[in-house]
Amino acid sequence: MSRALIELQHISKSYDGKPVLDDLELTIHENEFVTLLGPSGCGKTTTLRILGGFETPDEGHVIFDGKDITNVPPNKRQLNMVFQNYALFPHMTIADNIAFGLKIKRKTDKYIQDKISYALNLVGLQGFEKRMPGSLSGGQQQRIAIARAIVNEPHVLLLDEPLGALDLKLRQDMQYELIRLKNELGITFVYVTHDQQEALTMSDTIVVMNQGYIQQMGSPETIYNEPENAFVADFIGDSNLFPATFVRDELIEIDGRPFLCVDKGFGQNTPVDIVIRPEDVIITTPDKGTVTGVVTDLIFQGVHYEICIDVNGREWVCHSTEASLVGTMVGIAVDPFNIQVMNKPESEDEEAAAIEK
Amino acid sequence: MKNNRRANSFALFGMPYYFWAIAFIIIPLLLVLYYGLTSEAGTISLENVFAIARPAHAKALFLSVLLSVGCTVVCLLLAYPLCLIMVNRQKAQNSFLLFMLIIPMWMNFMLRTYAWQSLLEKHGVLNTFLNTIGLPSLHLINTPGAIIFGMVYDFLPFMILPIYNALQKIDPNLIHAAHDLGAGFWQTLWKVILPLSMPGIISGITMVFVPGLTTFVISALLGGGKVLLIGNVIEQEFTQAYDWHLGSGLSLVLLLFIVINMILSSVFDREGNGGLL
Ligand SMILES: Nc1ncnc2c1ncn2[C@@H]1O[C@H](COP(=O)(O)OP(=O)(O)O)[C@@H](O)[C@H]1O
Ligand SMILES: [Mg+2]
């Protein structure tokens with residue numbers, strides 16, 4: 001991994017006595033695409049605003065490139081932010097919006113003109129110089145907001161749910177645009193979203209947050225395949241999230257039925273949580289399954305069917321390209337390496353955090 | 001059919017307002033127009049309008065414009081920073097401050113002006129105080145300065161309210177965005193806050209300039225009859241000289257100024273808002 005660029009050290013922040021961030025630790029590396037992912041109200045925006053300098057943490061330090069910038073005002077930081085609602089200046093043309101930062105830095109007219117056309121070109125909105133922000137669609141305003149930020153050549157671009165207001169198709173297009181932009185510009189992106197799909201698609205590193213705590217940090221693959229706790233498992237993707245007993249190494253019991261797994265070191269007969277992704281549930285004939293159940297629901301979802309199976313009163317969700325008719329008895333099997341074992345939350349607090357999402 | 005009936009019942013509700021407008025706005029205006037454009041003999045003539053050119057009247061009008069502009073500028077310079085401070089404070093403290101500023105508006109404005117008269121008088125409260133601490137008396141009453149002072153005191157809330165409203169409507173993220181792009185306090189003020197609050201500034205200017213231009217009570221009480229404004233001249237024509245024709249003629253000139261002011265402000269306002277549409 002490349003050099004550490006930003007470090008958040010022991011950051012705490014409360015509003016009106018209500019803690020929003022609690023002892024947050026985070027390192028962001030050069031050229032990394034980091035995504036802060038979590039439900040609404042978990043403190044993502046607050047974290048980003050502390051990075052941008054719009055909030056001062058109650059405790060802790062923000063280190064940028066080795067220097068403490070905790071108390072440096074936003075206009076003196078080498079970061080630029082793309083705001084949740086775009087925040088384009090409504091009384092200025094698109095060109096003036098993009099030129100805003102450059103004029104303040106007293107760049108020459110020639111330089112500014114070149115930058116404007118370069119940036120509009122980059123976001124695919126050539127010829128929009130004279131338009132007013134109000135006459136643009138949400139997606140176009142979004143691109144202008146990005147253009148306005150990147151002409152300043154920031155080391156880091158902070159993006160707060162930049163695609164939140166766009167419809168699905170446009171959002172997907174913009175996701176690829178952003179990845180392309182990031183690769184082209186070679187700068188660090190810190191991206192905030194509550195959309196797990198978006199996070200999985202775009203990020204190098206995902207930071208899953210809940211109630212002001214970091215729940216897990218890692219590559220999209222790690223977060224998806226090896227969630228460390230029930231909150232992460234539940235928040236990322238559809239999943240079968242069950243309580244289980246860790247009988248001994250490589251053996252668990254779900255509702256009294258033994259399943260082989262690959263995890264070790266959770267003790268003996270310990271209560272744990274396990275997660276099985278719907279696409280990892282194998283439907284077979286009743287005699288070949290580890291457990292049997294009855295199909296209760298069959299929903300066609302395009303790529304696959306979503307099939308709900310009742311196993312002794314517990315619902316298993318399964319994704320399969322083959323339909324199973326409602327009412328049929330089926331067997332269920334799971335490959336051992338597809339069962340992810342997780343510790344139960346230790347404190348009541350954490351439990352509440354995991355459930356209340 | 002149904003729509004029609006609904007429109008009719010709305011018209012019915014409108015009746016009291018129509019009546020009000022006709023009786024107390026349209027008819028008086030028509031009367032002013034009639035008196036202003038006729039001579040005492042009853043023939044149509046513009047002599048009463050052109051009477052504004054008489055040196056005494058022209059001087060009064062000039063002074064009125066001067067004092068009103070002065071008052072507007074002072075109000076703007078006082079109100080804008082105050083409103084900036086207020087919008088950046090906590091909501092609760094804010095309403096209290098705003099409340100304090102608006103309380104005087106609820107008191108009779110003649111009464112307030114009388115209060116200032118007794119404060120500023122030759123042997124008034126202020127001079128008594130100055131003398132007590134060994135300072136010489138100030139000659140304040142019956143000067144243009146005292147009139148501006150009184151006007152600012154009376155009209156300041158009319159400047160504060162629209163500016164405060166306009167500033168409050170500005171999305172804080174726009175200001176953050178300006179800081180984010182490197183702008184300091186003054187640059188943000190000049191390039192973002194000021195242009196976006198322009199509609200409020202313009203309506204504040206109109207709401208202070210027009211009553212300032214037409215005032216005659218403040219100038220009578222704090223000017224002591226020594227400073228004649230156009231409002232005083234008109235008042236005297238009606239109440240002392242009983243020359244309704246001349247009074248109306250001069251009023252029409254004043255009306256023209258007010259209309260020009262309104263047109264200018266609506267033009268500016270449209271430009272200010274144009275970008276938002
Ligand atoms: N300026 C503020 N004053 C009071 N509470 C705030 C303020 N900003 C955020 N909060 C609270 O802090 C919590 C986290 O907010 P935020 O960081 O915006 O969450 P997210 O972006 O993850 O949705 C929320 O409960 C929110 O109500
Ligand atoms: Mg947010």
Side-chain angles (χ1 to χ4, degrees), chain A residues 15-16 45 48-49 51-55 72-94 96-107 130-136 141 144-154 156-161, chain B residues 80 83-85 87-96 162-163 165-205 265-277:
Chain A
Y15 288 115
D16 315 318
T45 298
L48 210 62
R49 289 167 60 83
L51 277 172
F54 304 108
E55 291 291 353
V72 175
N75 51 329
K76 301 269 189 296
R77 295 192 182 194
Q78 289 173 324
L79 324 142
N80 280 112
M81 180 134 163
V82 176
F83 289 84
Q84 200 160 3
N85 59 355
Y86 319 140
L88 298 179
F89 303 119
H91 59 297
M92 294 182 197
T93 62
I94 296 308
D96 285 340
N97 262 281
I98 297 175
F100 191 92
L102 301 174
K103 282 186 184 158
I104 283 174
K105 293 187 194 80
R106 299 187 182 287
K107 302 288 187 192
K130 296 262 151 51
R131 300 271 295 268
M132 299 304 280
S135 73
L136 268 56
Q141 290 189 33
I144 298 301
I146 292 167
R148 183 178 69 175
I150 59 178
V151 288
N152 301 290
E153 300 177 357
V156 182
L157 198 59
L158 310 173
L159 302 105
D160 192 359
E161 311 217 11
Chain B
Y80 204 85
C83 291
L84 269 185
I85 293 168
V87 289
N88 286 312
R89 289 163 66 110
Q90 298 285 327
K91 278 272 150 44
Q93 298 174 321
N94 242 342
S95 349
F96 179 70
I163 291 180
N165 272 335
L167 285 177
Q168 224 188 5
K169 278 199 207 116
I170 298 177
D171 177 0
N173 272 342
L174 290 179
I175 293 160
H176 290 150
H179 290 315
D180 184 72
L181 294 166
F185 171 79
W186 293 106
Q187 285 163 318
T188 308
L189 181 66
W190 185 247
K191 293 182 167 212
V192 178
I193 301 175
L194 211 55
L196 287 177
S197 59
M198 213 30 118
I201 294 177
I202 284 164
S203 92
I205 288 178
S265 69
S266 78
V267 166
F268 273 111
D269 207 14
R270 204 166 311 133
E271 272 174 12
N273 278 328
L276 294 170
L277 295 176

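Numbers restart at 1 for each chain; the letters A, B, ... are given by sequence-line order, proteins then strands.
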Inset, instruction - Might you confirm whether atom OH of A:Y15 has over 12 heavy atoms from other residues, nucleotides or ligands at distances under 6.0 Å? - result: yes

Inset, instruction - Answer yes or no: are there more than 12 heavy-atom neighbours, outside A:K105 itself, under 6.0 Å from its atom NZ? - result: yes

Under 4.5 Å between any side-chain heavy atoms of [X] and [Y], yes or no?
X	Y	result
B:L181	A:F89	yes
A:R49	B:H176	yes
B:K191	A:K103	yes

Closest heavy-atom contact between [X] and [Y]?
X	Y	answer
A:A87	B:A177	O-CB, 3.9 Å
B:D180	A:L79	OD1-O, 3.8 Å
A:N75	B:G184	ND2-CA, 3.5 Å

Inset, instruction - Select, from A:R77, A:K76, A:Q84, A:R148, the one with the greatest count of heavy-atom pairs under 4.5 Å involving chain B. - result: A:R148

Legend entry - Greatest number of heavy atom pairs closer than 4.5 Å to chain B - which of A:N85, A:L102, A:I104: A:I104

Inset, instruction - Using non-hydrogen atoms and a 4.5 Å limit, figure out which bit of A:N152 sits close to chain B: side chain, backbone, both or neither. - result: side chain

Inset, instruction - Flag the one option from B:V192, B:I175, B:T188, B:L174 with the top tally of heavy-atom pairs under 4.5 Å to chain A. - result: B:L174

Legend entry - Value rounded to 0.5 Å, distance of CG in B:N173 from CZ in A:F54: 8.0 Å

